[in-house]
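Ligands are counted one by one from 1 in listed order, and the atoms in each one are counted from 1 as well.
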Amino acid sequence: IVELKNVYKSFGSNQVLNGVSLAIPKGHVTAIIGRSGSGKSTALRCIDRLEVIDSGEIQVCGHQVHAPDIDLRALRKDVGIVFQSYNLFPHLTVEQNITLAPCAVKGLSKAQAKDIAIRTLTHVGLLDKASFYPEQLSGGQQQRVAIARSLAMEPQVMLFDEVTSALDPQLTGEVLKVIEMLAADGMTMVLVTHEMEFAARVADTVVFMHQGKVWETGPGEMLRKPQTAELQAFLSGGL
Ligand code: ATP
Ligand code: MG
């Protein structure tokens, strides 16, 4: 459902992705780990064409993401992305934040969009906050609303970039629980995360990126038996 083939990407003289290849089947959860600057966010952003690649190929749900004639609207309907900063609209209520895109982009009626808002808010456990404004919610609750807002577009794939790194441990747990539920529902997901235990438990595949390359990849158990010195050093917090 998501496939990267030999992807290269640089910013000026900084070669950030150095021939990344990855295949993510439908219903799988892939966790991307690695040091700061190893290219994790860039890889994720290239999948949603928030960055343009230099060479290689990326396919998502049948879209040739980096073809010149890519239909961005169609791509973004199929791919949801959630960042560390929640980016909710502060002047809109929780419900309005969620119904905005389904109405504007998908052309749903207000009533249809409201049904979806109710369903997705129930999913993230925040139905009682529908009429609240973002500033009236905790960071963890805002992040769950951001996830609900993405889900409301009914994407085929969800991308998460360190969605818990701004949160304290308890709020982190609430957000991870939502991601775990999505995994149980069979949602295809790619998560960049620093939560190693979570990655080991929830991910079907863990991808360790190093120097813009997929350095090591395998099932969650790989984190208990790293094969390369670089992954070993990363996991023990060294270097
Ligand atoms: P972190 O764990 O800190 O989030 P990361 O693995 O997500 O790191 P990236 O954000 O992908 O790393 O960045 C990889 C490299 O690309 C870094 O050296 C960064 O400075 C550079 N970079 C990222 N985005 C841009 C940009 N828009 N313009 C120029 N350089 C960029
Ligand atoms: Mg990053």
Side-chain angles (χ1 to χ4, degrees), residues 2-24 29-58 60 65-66 70 72 75-76 79-88 139-140 142-143 146-147 150 157-169 171-172 175-176 179 188-200 202-203 205-218 220 222-223 226 228-239:
V2 177
E3 190 164 18
L4 287 79
K5 284 187 201 156
N6 215 16
V7 171
Y8 285 80
K9 166 77 185 166
S10 57
F11 293 105
S13 61
N14 186 5
Q15 190 68 46
V16 175
L17 299 181
N18 251 314
V20 172
S21 296
L22 263 184
I24 296 160
V29 179
T30 300
I32 303 180
I33 61 171
R35 264 174 228 300
S36 181
S38 57
K40 306 181 296 294
S41 297
T42 303
L44 214 61
R45 292 169 60 81
C46 289
I47 293 175
D48 200 25
R49 211 179 197 272
L50 296 168
E51 302 285 356
V52 176
I53 63 177
D54 299 334
S55 64
E57 201 180 310
I58 301 182
V60 180
V65 176
H66 293 269
I70 174 76
L72 282 181
L75 173 69
R76 305 261 158 85
V79 182
I81 186 161
V82 182
F83 302 99
Q84 178 178 341
S85 54
Y86 341 114
N87 302 320
L88 297 175
Q142 290 186 49
Q143 192 58 289
I147 294 171
S150 252
V157 181
M158 288 281 287
L159 312 176
F160 294 91
D161 193 356
E162 298 196 34
V163 289
T164 61
S165 22
L167 303 174
D168 67 34
L171 298 181
T172 294
V175 172
L176 294 183
I179 296 177
T188 309
M189 295 190 279
V190 185
L191 5 136
V192 172
T193 184
H194 287 298
E195 304 284 336
M196 294 304 147
E197 277 174 35
F198 181 74
V202 176
T205 307
V206 176
V207 173
F208 171 58
M209 285 190 63
H210 187 66
Q211 297 177 351
K213 291 195 173 91
V214 174
W215 205 265
E216 194 170 333
T217 179
M222 150 183 143
L223 296 176
T228 61
E230 289 78 8
L231 178 55
Q232 208 157 11
F234 172 72
L235 291 172
S236 61
L239 194 81

Within the 4.5 Å heavy-atom criterion, are [X] and [Y] side-chain neighbours or not?
X: Thr188; Y: Met158; value: no
X: Leu235; Y: Met196; value: yes
X: Ile32; Y: Leu191; value: no
X: Phe208; Y: Met222; value: yes
X: Thr42; Y: Leu17; value: yes
X: Lys9; Y: Asn18; value: no

Under 3.5 Å between any N/O of Gly39 and any N/O of ligand 1: does that happen in this structure?
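Looking only at distances, the answer is yes, because the N/O contact criterion of under 3.5 Å is met.
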Given Arg45, Lys9, Gln15, Lys40, which one has a non-hydrogen atom that is nearest to atom 2 (O) of ligand 1?
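The option holding the nearest heavy atom is Lys40.
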Closest candidate by heavy atom, reference atom 11 (O) of ligand 1, pool Ile32, Asn14, Thr42
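Result: the heavy atom closest to atom 11 (O) of ligand 1 is in Thr42.
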Residue and atom name of the nearest protein heavy atom (relative to [atom]), distance in Å to one decimal:
atom: atom 8 (O) of ligand 1; value: Gly37 N, 2.8 Å
atom: atom 3 (O) of ligand 1; value: Ser36 OG, 2.6 Å
atom: atom 28 (N) of ligand 1; value: Phe11 CD2, 3.4 Å
atom: atom 7 (O) of ligand 1; value: Ser41 OG, 2.8 Å

Residue portion contacting ligand 1 (non-hydrogen atoms closer than 4.0 Å) for Val16
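Under 4.0 Å from ligand 1, Val16 contributes side-chain atoms alone.
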Taking heavy atoms and a distance under 4.0 Å, where does Asp161 meet ligand 1: side chain, backbone, both or neither?
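The answer is neither; Asp161 stays 4.0 Å or more away.
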Would you check whether Gly34 reaches within less than 4.0 Å of ligand 1, judged by its heavy atoms?
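Contact absent.
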Among the heavy atoms of Glu162, does any lie under 4.0 Å from an atom of ligand 1?
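Judged by the 4.0 Å heavy-atom criterion, Glu162 does count as contacting ligand 1.
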Number the atoms of ligand 1 from 1 as they appear, then name those within less than 4.0 Å of a heavy atom of Arg35, with their elements.
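Reading through ligand 1 atom by atom, the close ones are 6 (O).
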Taking 2.8 Å as the cut-off, does an N/O/S atom of Ser41 lie below it from the Mg ion (ligand 2)?
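Of the N, O and S atoms in Ser41, at least one lies under 2.8 Å from the Mg ion (ligand 2), which means yes.
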Judged by atom type as modelled, is there a donor-acceptor pair below 3.5 Å linking the side chain of Thr205 to the main-chain atoms of Thr30?
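Looks like no, no N/O pair under 3.5 Å.
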Any sub-3.5 Å donor-acceptor pair from Thr228's side-chain atoms to Leu231's backbone N or O?
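Answer holds: yes.
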Start with the C-alpha distance between His194 and Glu162, add both sets of side-chain angles, then the distance that settles side chain to side chain donor-acceptor pair (under 3.5 Å), and finish with yes or no.
CA-CA 7 Å; His194 287 298; Glu162 298 196 34; 3.3 Å; yes
